Trainee: 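Before we start, here is the structure in question, set down as structure tokens.
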There are 2 protein chains.
Amino acid sequence: MNGKEGSMAIQDVEHCECSEIHQNTIEQVLEQMPDEDVLYDLAELFKVFGDSSRIRILFALYGADICVCDLAETLNMTQSAVSHQLKILKQSKLVNSRREGKQVYYFLADDHVRRIIAQGMEHVTE
Amino acid sequence: MNGKEGSMAIQDVEHCECSEIHQNTIEQVLEQMPDEDVLYDLAELFKVFGDSSRIRILFALYGADICVCDLAETLNMTQSAVSHQLKILKQSKLVNSRREGKQVYYFLADDHVRRIIAQGMEHVTE
DNA sequence: TGAATATATGAACAGATATTCATATGAAAG
DNA sequence: CTTTCATATGAATATCTGTTCATATATTCA
């Protein structure tokens with residue numbers, strides 16, 4: 001009895017007890033929303049940036065390619081911890097790596113990463 | 001015995017067993033790194049974007065001001081869950097609110113939010 | 001081939017976090 | 001002022017996540 005009836009289906013649960021629901025507002029908003037999976041991917045992307053260790057790694061790689069060991073030393077982290085985080089960063093396509101003998105050098109994948117970080121910095125440092 | 005001695009102090013622990021540490025690389029990287037607290041704040045900021053529910057809320061608010069109840073209904077969330085997330089978004093200064101009678105309308109705080117999201121979208125939808 | 005070194009990875013644990021449930025607050029209408 | 005309605009909030013819980021520890025993999029050098 002809230003103006004939403006019939007063919008909606010899937011989940012016919014109430015989510016709030018309010019009676020003042022603006023149905024047309026809701027529909028308009030829903031129309032301009034990206035697909036659920038895009039939203040999910042976007043959240044996942046930001047989640048990767050949302051950790052101090054990973055942000056520090058990304059900043060370290062901002063200007064130069066660095067090997068795992070130097071990263072660990074620079075950031076006061078365990079080699080293992082760095083490796084784990086680098087794996088996450090690589091899976092998210094934020095960094096890439098190349099092998100040089102025994103060492104593996106990591107570097108930022110592209111300029112998207114730099115731009116996203118730069119945007120965030122603007123908000124933080126204003 | 002790794003070339004780093006004397007006045008460093010604070011934490012004199014080894015973080016990896018590598019002997020091939022490039023000391024000058026490390027120093028250069030450390031110089032161009034922002035302060036720890038800036039990095040922390042930046043990570044905290046992205047952490048807020050790094051959750052599906054909050055991203056969905058932000059997208060819903062992208063084009064229009066919406067009250068809590070409509071948000072809940074639109075996003076298939078509990079009113080309580082929405083409120084909790086809105087609080088986090090507000091504390092991070094990503095949204096603001098105004099009261100209109102019994103309802104509270106939320107809206108994006110500024111264009112930083114839109115730009116950060118837009119940058120993320122570029123990476124995700126490419 | 002074998003030893004040494006740099007990196008990767010799996011399991012376990014501790015800390016963080018999103019949701020739910022119950023309830024409090026605050027505005028509005030009678 | 002009392003009731004009703006919209007929102008806020010505290011506590012509890014289940015889930016997720018980052019680090020550590022132990023160990024595996026892979027490359028170089030003797």
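Because the structure is a prediction, the values reported are computed rather than measured. Just so we're on the same page: letters track the sequence lines, and every chain starts at 1.
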Trainee: Is there a side-chain contact between B:Leu61 and B:Ile66, using heavy atoms and a 4.5 Å cut-off?
Mentor: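 Sidechains of B:Ile66 and B:Leu61: in contact.
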Trainee: Where the side chain of B:Lys102 is concerned, which of C:dA28, C:dA6, D:dA22 is the nearest nucleotide?
Mentor: C:dA28
Trainee: Using only heavy-atom distances, decide whether a donor-acceptor pair under 3.5 angstrom links the side-chain of B:His84 to the base of C:dT17.
Mentor: no
Trainee: Look at all strands and tell whether A:Lys90 reaches a base, only sugar-phosphate, or nothing, counting heavy atoms closer than 4.0 Å.
Mentor: nothing
Trainee: Indicate, yes or no, whether a donor-acceptor pair under 3.5 Å links the base of C:dC21 to the side chain of B:Thr78.
Mentor: no
Trainee: Does a distance-only test, which skips hydrogens and angles, find a donor-acceptor pair under 3.5 Å between the side chain of B:Ser80 and the base of D:dT9?
Mentor: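 Yes.
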Trainee: Under 4.0 Å: is that the gap between some side-chain N or O of A:Lys87 and OP1 or OP2 of C:dT9?
Mentor: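 True: A:Lys87 side-chain N/O within range (under 4.0 Å) of C:dT9 OP1/OP2.
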Trainee: Without decimals, in angstroms, what is the distance between B:Gln103 CD and D:dT4 C1'?
Mentor: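 Answer to the nearest Å: 14 Å.
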Trainee: Take A:Glu100 and A:Ile88, find for each the nucleotide of DNA chain D with the closest heavy atom, and name the residue whose nucleotide sits nearer the 5' end.
Mentor: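 Its nucleotide being nearer the 5' end, the pick is A:Ile88.
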Trainee: Establish, yes or no, whether the cationic atom of A:Arg99 lies under 6.0 Å from the six-membered ring centre of A:Tyr105 and within 45° of the ring axis.
Mentor: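 Ring-cation test returns no.
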Trainee: Have a look at B:Leu71 and say if it touches a base, only the backbone sugar-phosphate, or nothing, with a 4.0 Å heavy-atom cut-off.
Mentor: nothing
Trainee: Taking atom P of C:dA6 as reference, at what distance in whole Å does atom OH of A:Tyr105 sit?
Mentor: 11 Å
Trainee: Could you give the CG-to-C1' distance, from A:Asp51 to D:dT17, as a whole number of Å?
Mentor: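 Taking atom C1' of D:dT17 as the reference, CG of A:Asp51 is at 9 Å.
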Trainee: What is the separation between atom CG on A:Asp65 and atom P on C:dA6, rounded to the nearest whole Å?
Mentor: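 Whole-Å distance recorded here is 19 Å.
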Trainee: What does B:Tyr106 touch in the nucleic acid at a heavy-atom separation under 4.0 angstrom: a base, only the sugar-phosphate, or nothing?
Mentor: sugar-phosphate
Trainee: Looking at the base of C:dA18, is there any donor atom on it, or on the side chain of B:Gln85, that sits under 3.5 Å from an acceptor on the other one?
Mentor: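 Counting by modelled atom types and ignoring angles, no donor-acceptor contact under 3.5 Å is found here.
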Trainee: Can a donor-acceptor pair under 3.5 Å be found between the side-chain atoms of B:Gln79 and the base atoms of D:dA6?
Mentor: no
Trainee: Does D:dA30 have a Watson-Crick or wobble partner in any strand here, with both distances under 3.5 angstrom, and which is it?
Mentor: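 WC or wobble partner is C:dT1.
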Trainee: What class does the angle between the rings of B:Tyr62 and B:Phe59 fall in, given that below 30° is parallel, 30 to 60° is tilted and above 60° is perpendicular?
Mentor: parallel
